[in-house]
Amino acid sequence: MNDNSQQAVKEGTEPGEVSRPGRSILPVVVSIWVALIASAFISLLAYHNMPGERSDHSLIWPVNDSIKLDTQRANLLVFIHPQCPCSVATLNELTRIQSICGARLNTQIVFYSPLGMQWEDTSKVRQALAIPNVHITNDANGQLAQRFGALTSGHALLYSPDGRRIFSGGITPARGHEGENLGRSSIIRYILNGESTCDKTNVFGCPIFDSPSEVAVNSGGSEYDAK
């Protein structure tokens with residue numbers, strides 16, 4: 001046996017076959033790559049299904065100077081942060097609700113508007129203005145959101161004409177995702193049949209406040225009709 005054959009046998013290769021050290025680490029590299037992708041996918045899935053903070057203290061319509069309770073129809077309030085990307089899905093789901101419920105709902109979209117910021121002309125506001133039969137309310141410094149206990153963008157609250165809260169939660173199945181969900185179906189079913197099948201769901205969206213406790217309760221919101 002010549003020197004090359006002896007070396008090939010020593011390294012576990014056939015005579016004439018060239019040894020490739022990279023082959024030995026390829027399975028390790030592939031395993032790490034798969035693990036990283038799986039980890040990223042799990043993290044993304046967890047983020048999409050992570051509910052936001054909420055406060056459910058307002059079981060009845062809270063007194064405020066900006067939005068009046070409609071005593072002839074059910075009242076739906078949807079709180080939105082104009083910079084939250086998840087709000088696109090919420091507004092699309094609200095469009096579906098409005099297409100079925102229409103004028104049977106008194107629907108208010110309440111946009112967070114911190115002092116000193118010019119967020120009245122954002123893509124979310126323009127999207128909201130395109131939804132039929134809704135009113136847009138500018139929530140100066142989040143006073144209304146505080147009063148109603150809406151801490152996360154996308155929080156929807158449904159009140160009966162006598163001011164009782166019927167539903168509190170989100171109307172999307174996950175963060176930034178659209179599709180069949182319990183929030184949407186519960187609101188529609190109550191409006192069409194007067195039946196309440198679910199009074200609470202998770203809210204998926206960005207926080208409306210960095211620190212809710214620092215916001216003073218002194219609403220200065222203004223209301224105008226959507227065109």
Please identify each residue that fulfils side chain to side chain contact (heavy atoms under 4.5 Å, CB included) with [X], with sequence neighbours left out.
X: Pro85; result: Cys206
X: Thr152; result: Glu53, Val203
X: Ser113; result: Glu120, Asn138
X: Thr122; result: Pro82, Gln83, Trp119, Lys124, Val125

**OP:** Return the set of residues passing salt bridge (charged side-chain N to carboxylate O under 4.0 Å, His left out) with Arg184 (not counting sequence neighbours), or none when no residue passes.
**Re:** Glu93, Glu180
Original post:
Considering residues at least two apart in sequence or located in another chain, which fulfil the salt bridge (charged side-chain N to carboxylate O under 4.0 Å, His left out) criterion with Asp199?
Top reply: none
I'd like to check the side-chain hydrogen bond (donor to acceptor under 3.5 Å, both in side chains) partners of [X]; sequence neighbours left out, ordered by chain and number.
X: Ser99; answer: none
X: Gln72; answer: none
X: Ser87; answer: Ser153
X: Asp162; answer: Ser160, Arg164

Distance-only, no hydrogens or angles: does the [X] side chain make a donor-acceptor pair with backbone N or O of [Y] under 3.5 Å?
X: Thr95; Y: Ile131; value: no
X: Arg73; Y: Ala103; value: yes
X: Asn64; Y: Arg147; value: no

Can you find a heavy atom in the side chain of [X] that is under 4.5 Å from one in the side chain of [Y]?
X: Ile109; Y: Leu94; answer: yes
X: Trp61; Y: Leu77; answer: yes
X: Phe209; Y: Gln146; answer: yes

**OP:** Spell out, yes or no, whether Ile191 and Leu182 are grouped together once hydrophobic residues are joined by side-chain heavy atoms under 4.5 Å, including indirect joins.
**Re:** no
Original post:
When hydrophobic residues are tied together by side-chain contacts of less than 4.5 Å, even through go-betweens, does Leu105 share a cluster with Leu129?
Top reply: yes
Subject >> Between CG on residue Leu91 and CD1 on residue Ile171, distance to nearest 0.5 Å >> reply: 7.5 Å
Original post:
Quick check: are there more than 12 heavy atoms from other residues, nucleotides or ligands sitting under 6.0 Å from CG of Leu192?
Top reply: yes
Subject >> Any side-chain donor near an acceptor of the partner, Asn75 and Asp70, under 3.5 Å >> reply: no
Subject >> All pairs passing salt bridge (Lys or Arg N to Asp or Glu O under 4.0 Å) where residues 75-84 contributes a residue, at least two apart >> reply: none
**OP:** Could you tell me whether Phe148 and Phe79 have their ring centroids closer than 6.0 angstrom?
**Re:** yes
